[in-house]
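A short worksheet on the structure shown next.
Computed from a predicted structure; not experimentally measured.
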Amino acid sequence: MHFCHSSDLWSEFPELAAGVLHVKGIHRDVSVANHVAQFEAIAQARLADSAEGELPEIQAWRRAFSRMGLKPTQYRSASEALLRRFRKEGTLPRIHPLIDLCNAASLAFAVPIAVFDLARVAGHLEVRHAAGDEIYTTFAGEIEHPEPQEVIFADAEGRAHARRWTNRQSGHSAVRDETASVLIVAEALHAGAAANVGRLVDRLDSAIRAIWSIEPQSAILGRTAPRFDC
């Protein structure tokens with residue numbers, strides 16, 4: 001299995017930095033409360049000084065969405081959506097220990113993080129422009145087809161595992177109770193993105209090792225090193 005971004009994406013967004021972790025051996029029987037609290041405290045401190053829309057990480061994704069022809073206040077990156085909810089409610093719903101950990105890290109770094117159950121991904125996963133005939137399954141189980149040229153996460157069977165790049169993941173490969181092997185993807189476009197994503201991956205790597213006593217495989221991708229094999 002491998003993960004990559006298409007060459008077209010790198011040409012259009014040369015500022016992109018992506019961090020990936022392949023994690024095997026996860027389960028629900030752990031507590032992530034301390035790690036989540038640490039990440040949430042960082043987010044609270046940042047939000048005390050600036051609204052989420054003023055953060056450079058969020059502004060960069062808003063510009064990217066505009067370049068893709070999307071209204072950035074109608075279609076928000078996953079990190080912006082999480083920060084908005086966290087600012088209004090003071091917490092996020094608890095879903096699964098790994099998702100809770102990644103959501104909290106996304107809050108702290110203001111960077112969208114996607115988590116895919118690899119048992120539900122066929123062959124490989126590529127971030128690319130859609131042809132328009134790919135299959136996307138919502139969390140409610142409804143079937144959609146991406147718009148042609150929309151940026152999606154697509155596997156070898158033409159299934160879209162995320163729509164509008166970092167806007168909305170699919171319910172098909174969402175983490176479940178039985179999930180054991182996942183691919184975690186963090187992407188950023190702001191100035192200094194590579195360094196920030198590197199720190200995010202390091203923090204997640206350390207937390208996952210401590211919580212599950214397993215050793216993730218990780219990498220930072222860029223235009224000169226665009227592919228991750230796992």
Side-chain angles (χ1 to χ4, degrees), residues 3-21 38-87 92 101-115 125-129 149-153 162-169 183-207 216 218-228:
F3 170 80
C4 65
H5 294 76
S6 71
S7 56
D8 287 345
L9 258 291
W10 286 114
S11 295
E12 294 168 27
F13 297 92
E15 68 273 33
L16 172 66
V20 289
L21 299 100
Q38 292 171 21
F39 283 134
E40 288 185 345
I42 295 170
Q44 286 173 335
R46 295 196 72 186
L47 290 173
D49 294 330
S50 304
E52 66 277 356
E54 298 172 355
L55 299 176
E57 299 92 338
I58 301 303
Q59 290 178 342
W61 276 111
R62 286 189 175 189
R63 291 191 296 271
F65 276 43
S66 293
R67 287 163 61 186
M68 292 188 291
L70 301 171
K71 293 182 179 179
T73 54
Q74 179 181 1
Y75 299 107
R76 303 178 189 273
S77 68
S79 52
E80 181 175 0
L82 287 175
L83 283 162
R84 281 170 59 83
R85 183 167 187 172
F86 183 70
R87 174 173 54 80
L92 294 178
L101 178 68
C102 290
N103 281 349
S106 180
L107 291 176
F109 285 87
V111 168
I113 300 175
V115 186
L125 197 58
E126 181 182 20
V127 187
R128 61 165 173 83
H129 292 289
Q149 293 302 302
E150 179 183 324
V151 178
I152 61 171
F153 282 66
R163 289 197 61 185
R164 304 181 193 92
W165 203 344
T166 59
N167 171 242
R168 188 157 61 109
Q169 280 191 240
L183 185 74
I184 302 171
V185 181
E187 296 164 295
L189 296 164
H190 60 284
N196 280 10
V197 169
R199 287 191 289 271
L200 188 163
V201 168
D202 286 345
R203 289 288 301 272
L204 275 181
D205 183 282
S206 296
S218 64
I220 304 299
L221 305 183
R223 198 169 184 178
T224 59
R227 174 168 162 152
F228 177 74

Looking at side-chain heavy atoms only, is the closest gap between [X] and [Y] below 4.5 Å?
X: M68; Y: Y75; answer: no
X: L16; Y: L9; answer: no
X: L55; Y: L83; answer: yes
X: I152; Y: R128; answer: yes
X: N103; Y: R85; answer: no
X: R227; Y: L221; answer: no
X: V197; Y: F109; answer: no
X: R46; Y: E57; answer: yes

Does the pair H190 and N196 meet the rule for a side-chain hydrogen bond (donor to acceptor under 3.5 Å, both in side chains), with working shown? CA-CA 9 Å; H190 60 284; N196 280 10; 3.0 Å; yes
Would you please test E52 and R76 for side chain to side chain contact (heavy atoms under 4.5 Å, CB included) and show each step? CA-CA 11 Å; E52 66 277 356; R76 303 178 189 273; 5.9 Å; no
For the student: nearest non-hydrogen atoms of [X] and [Y], plus distance:
X: S79; Y: A110; answer: OG-O, 3.5 Å
X: P14; Y: R223; answer: CB-NH1, 3.8 Å
X: F153; Y: W165; answer: CE1-O, 3.6 Å
X: Q38; Y: R203; answer: OE1-NH2, 4.0 Å
X: L204; Y: A105; answer: CD2-CB, 4.0 Å
X: G53; Y: R62; answer: CA-NH2, 3.8 Å

Output the distance between atom [atom1] ([X]) and atom [atom2] ([Y]), rounded to the nearest 0.5 Å.
X: R164; Y: F65; atom1: CZ; atom2: CZ; answer: 9.0 Å
X: L82; Y: I113; atom1: CG; atom2: CD1; answer: 9.0 Å
X: L200; Y: E187; atom1: CG; atom2: CD; answer: 11.5 Å
X: I184; Y: S218; atom1: CD1; atom2: OG; answer: 10.0 Å
X: W61; Y: L70; atom1: CH2; atom2: CG; answer: 11.5 Å
X: L189; Y: I58; atom1: CG; atom2: CD1; answer: 11.0 Å

Residues R67 and E12 bridged, charged N to O under 4.0 Å: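 Salt bridge between R67 and E12, a charged N being under 4.0 Å from a carboxylate O: no.
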Is a side-chain N or O of Q169 found less than 3.5 angstrom from the main chain of V115, in a donor-acceptor match?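 Side chain of Q169 to backbone of V115, a donor-acceptor pair under 3.5 Å: yes, one is there.
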Could you tell me whether a side-chain N or O of S106 sits under 3.5 Å from a main-chain N or O of V111, the two making a donor and an acceptor?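 Pair found, side chain donor or acceptor close to backbone of V111.
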